[in-house]
Amino acid sequence: KAEESINNAIKLQMDEKKKSVLLLKRAYFNFLKRIDYSKSIKKDISEAITLHPNNPDSYYLLGKLYERSEDYDLAFDQFRKAIKIDPNHAKAFVAIGTIQSNYFDEFDKALINLTNAITLDPSNKSAYFQRGLLYIRDTRYGTSNLKKMCIDMRKAKKLKGDRLLMSYGENANKLIDSAIEKFCKK
C-alpha cells in the first residue's frame with residue numbers, strides 16, 4: 001500500500017525537490033525488499049540526484065546499492081559524496097568504516113570513521129555493532145580490544161537499529177548475543 005501511494009504521488013505534478021524525495025523513498029523501499037530491483041533502484045536514485053543533486057541520502061543509498069553488489073570502491077565514493085554534502089551524515093561514516101574494516105583491512109581508518117559516526121549519532125546501533133566487529137577482527141591489541149568489543153556490543157544490543165545499515169538483517173541481534181556470550185564476562 002505504501003509503495004502504491006508513492007508510485008501514485010510520483011505521477012503527480014510537483015517541484016523537483018519533492019519528486020526527488022519520493023523517488024528516493026521508492027528506491028529505499030525496493031532496496032529493503034532485498035529483491036533484485038537494482039536497475040530500477042539505480043534509475044530512481046539517478047533521477048533523484050538529477051532533480052536534487054544536494055541530497056546526501058541519494059548518494060548514501062546509491063552507495064548501499066553498490067555495496068550490495070560488492071563494488072566497494074564505487075560504494076566508498078558515493079558515501080564520500082554524501083559526507084561532502086553533509087559532514088554530519090553518520091550513516092555514511094558507518095558505511096565507510098564498515099567497508100574499510102571488512103573489505104580493505106584498514107582498521108585504523110575504520111575506527112576513526114565508526115567513532116565519528118558514534119560521536120555524530122550516539123544512538124546509531126550499526127555504528128556500535130560494526131565497531132564491535134572491528135575490535136574482533138583487529139587482533140593487534142589482544143584482550144583490550146575484546147573489552148572494547150563487549151562495551152560496544154552491549155550498547156548496540158540496547159539500541160534500536162536501522163534496517164538499511166544492519167546488512168546482517170534479522171541476524172544482527174543474534175550475532176550481538178553470540179559475541180557477548182562468547183567473549184564477554186557476565
Side-chain angles (χ1 to χ4, degrees), residues 2 21 24-25 27-35 41 45 55-70 72 75-76 78-83 85-139 141 143-186:
V21 169
L24 203 55
K25 285 184 187 286
Y28 180 78
F29 183 80
N30 286 328
F31 186 88
L32 289 178
K33 285 185 188 177
R34 293 193 177 266
I35 300 170
I41 294 170
I45 296 170
N55 183 346
D57 294 329
S58 298
Y59 299 98
Y60 171 75
L61 188 56
L62 186 56
K64 292 305 286 183
L65 189 63
Y66 285 131
E67 182 181 21
R68 181 182 280 172
S69 64
E70 299 180 1
Y72 303 113
F76 193 90
Q78 297 306 311
F79 298 137
R80 279 278 173 227
K81 287 179 185 177
I83 290 170
I85 294 167
D86 177 5
N88 296 319
H89 201 288
K91 291 178 184 179
F93 278 106
V94 173
I96 286 173
T98 299
I99 289 173
Q100 289 170 322
S101 174
N102 295 344
Y103 305 106
F104 298 164
D105 290 334
E106 296 176 343
F107 299 120
D108 293 333
K109 291 178 182 177
L111 182 60
I112 290 167
N113 283 304
L114 293 168
T115 301
N116 282 344
I118 290 168
T119 301
L120 292 168
D121 180 7
S123 66
N124 189 314
K125 180 175 187 152
S126 294
Y128 289 100
F129 177 70
Q130 291 297 340
R131 193 170 70 175
L133 290 179
L134 177 147
Y135 288 136
I136 293 171
R137 293 191 75 233
D138 183 4
T139 57
Y141 304 106
T143 57
S144 68
N145 265 5
L146 289 181
K147 291 175 187 173
K148 293 174 185 175
M149 182 278 300
C150 291
I151 292 167
D152 279 355
M153 288 299 187
R154 286 185 175 124
K155 180 71 175 178
K157 184 178 172 91
K158 293 178 184 177
L159 297 170
K160 293 185 182 207
D162 178 325
R163 294 186 307 186
L164 187 56
L165 278 174
M166 296 301 284
S167 49
Y168 295 92
E170 295 175 10
N171 293 324
N173 286 325
K174 290 177 187 172
L175 286 170
I176 291 169
D177 290 338
S178 174
I180 292 170
E181 185 177 312
K182 185 173 183 175
F183 297 109
C184 306
K185 296 178 184 176
K186 297 194 180 211

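Each salt bridge (Lys or Arg N to Asp or Glu O under 4.0 Å) pair with one or both residues in residues 112-121, not counting sequence neighbours, would appear here, but there are none.
F76 has its side chain within reach of I96: a pair of non-hydrogen atoms, C-beta onward, lies under 4.5 Å apart. Residues L111 and D138 fail the side-chain proximity criterion, which asks for heavy atoms closer than 4.5 Å. Counting heavy atoms from C-beta on, the side chains of C184 and M153 never come closer than 4.5 Å.
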Report the C-alpha distance between Y66 and L62 in whole Å, list the side-chain angles of each, state the deciding distance to 0.1 Å, and finish with yes or no for side chain to side chain contact (heavy atoms under 4.5 Å, CB included).
-> CA-CA 6 Å; Y66 285 131; L62 186 56; 3.6 Å; yes
Assess whether side chain to side chain contact (heavy atoms under 4.5 Å, CB included) is satisfied between S123 and K160, documenting all intermediate values.
-> CA-CA 8 Å; S123 66; K160 293 185 182 207; over 6 Å; no
For side chain to side chain contact (heavy atoms under 4.5 Å, CB included), just list the numbers for K64 and F79, CA-CA rounded to whole Å, side-chain angles, deciding distance to a tenth of an Å, and then say yes or no.
-> CA-CA 8 Å; K64 292 305 286 183; F79 298 137; 3.7 Å; yes
In sequence, state the C-alpha distance, the side-chain angles, and the governing distance for Q130 and N102, and then conclude on side chain to side chain contact (heavy atoms under 4.5 Å, CB included).
-> CA-CA 9 Å; Q130 291 297 340; N102 295 344; 3.7 Å; yes
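Legend: residues meeting side chain to side chain donor-acceptor pair (under 3.5 Å) with Q78, ordered by chain and number and at least two apart, are absent. Partners of S69 according to the side chain to side chain donor-acceptor pair (under 3.5 Å) rule, which considers only residues two or more places apart in sequence or in another chain, do not exist here. With sequence neighbours excluded, the residues that form a side chain to side chain contact (heavy atoms under 4.5 Å, CB included) with D177 are K157. Under the side chain to side chain contact (heavy atoms under 4.5 Å, CB included) criterion, K147 pairs with no residue at all, not counting sequence neighbours. In terms of the side chain to side chain donor-acceptor pair (under 3.5 Å) criterion, N88 has no residue partners (sequence neighbours excluded). Residues that satisfy the ring pair (Phe, Tyr, Trp, His ring centres under 6.0 Å) test with F183, not counting sequence neighbours, are absent from this structure. For T115, the side chain to side chain donor-acceptor pair (under 3.5 Å) test picks out R131, with sequence neighbours left out. Every residue was checked against the salt bridge (Lys or Arg N to Asp or Glu O under 4.0 Å) condition with K81, not counting sequence neighbours, and none meets it. In this structure D57 satisfies the side chain to side chain contact (heavy atoms under 4.5 Å, CB included) test together with L24, N55, H89, sequence neighbours excluded. For A27, the side chain to side chain contact (heavy atoms under 4.5 Å, CB included) partners two or more places apart in sequence, or in a different chain, are I41, D44, I45, L61.
A side-chain donor-acceptor contact under 3.5 Å links T98 to the backbone of V94. Of the possible polar contacts, one joining the N113 side chain to the K109 backbone as a donor-acceptor pair under 3.5 Å is found.
Between atom CG of residue L120 and atom NZ of residue K91 there is a gap of 13.0 Å, rounded to the nearest 0.5 Å. Within the model, atoms CG of L133 and CG of D152 stand 10.0 Å from one another, a figure rounded to the nearest 0.5 Å. L134 CG to K148 NZ: the interatomic distance, rounded to the nearest 0.5 Å, is 10.0 Å. Distance check: S178 OG to N173 CG gives 12.0 Å after rounding to the nearest 0.5 Å. The distance from the CG atom of D105 to the CZ atom of F107 is 4.5 Å, given to the nearest 0.5 Å. To the nearest 0.5 Å, the span separating CG on L114 from CG on N124 amounts to 9.5 Å.
What you find for A110 and G97 is that their closest heavy atoms are CB-O, 3.3 Å. Nearest heavy atom pair, residue A92 against residue A82, reads CB-CB, 4.1 Å. Of all heavy-atom pairs spanning A117 and A127, the tightest one is CB-CB, 4.0 Å. Minimum heavy-atom separation, F129 to A156: N-CB, 3.9 Å.
Between Y72 and F104, the ring planes are perpendicular. Angles over 60° get that label, and only those under 30° would be called parallel.
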